[in-house]
Amino acid sequence: MDFLYFPEDKSEYIPGIISVVIIFILSVLIVRLLVKASRKQVKQLEEQGYPAVYKDGFDAGKSDQDVVDPQEAVRIANEKKAAHKKTKF
C-alpha cells in the first residue's frame, strides 16, 4: 500500500485545507455573481416587454395565484406591446 500516503506530521494537511477553503469561498462568490447578473438580465428583458415566468422557487414571494401560465404571459406582453405601439404613433 505504498500509493496511500498519510503523513505523520499533520501540519502537512494545512496547505490542502487552505486551498479547499479558498476554492469553496470563490465558488460561492461566483455563484452569487451569476445569480445577480441573471436577475439583472431578467429585469432588463421585462423592461423591454418580454415576460418572465418563474417556476421552482424563483418567485418565493408570490403565491400560486400570482404565477401566470407562460402562454398567457406572452399574450399579455404582446397586447402591451401592441398598445404601446398604437400610442407611440
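- Summarising the geometry, atom CD belonging to Q48 is positioned 13.5 Å from atom NZ belonging to K43; distances are rounded to the nearest 0.5 Å.
- Side chains of S19 and I22 form no contact here, defined as non-hydrogen atoms less than 4.5 Å apart.
- Side-chain contacts under 4.5 Å among hydrophobic residues (ILVMFWY), followed directly or transitively, place I30 together with L34.
- V21 and L29 fall within a single hydrophobic cluster, where Ile, Leu, Val, Met, Phe, Trp and Tyr side chains are chained together by heavy-atom contacts under 4.5 Å.
- The distance from the CD atom of Q44 to the CD atom of E47 is 7.0 Å, given to the nearest 0.5 Å.
- The local environment of NZ in K80 is sparse, with at most 12 non-hydrogen atoms from other residues, nucleotides or ligands closer than 6.0 Å.
- For residues 9-26, no pair satisfies salt bridge (charged side-chain N to carboxylate O under 4.0 Å, His left out), with sequence neighbours left out.
- When hydrophobic residues (I, L, V, M, F, W, Y) are linked wherever their side-chain heavy atoms come within less than 4.5 Å, the members clustered with V28 are F24.
- By the rule that hydrophobic residues join a cluster once side-chain heavy atoms approach within less than 4.5 Å of another member, L26 and I18 end up as members of one cluster.
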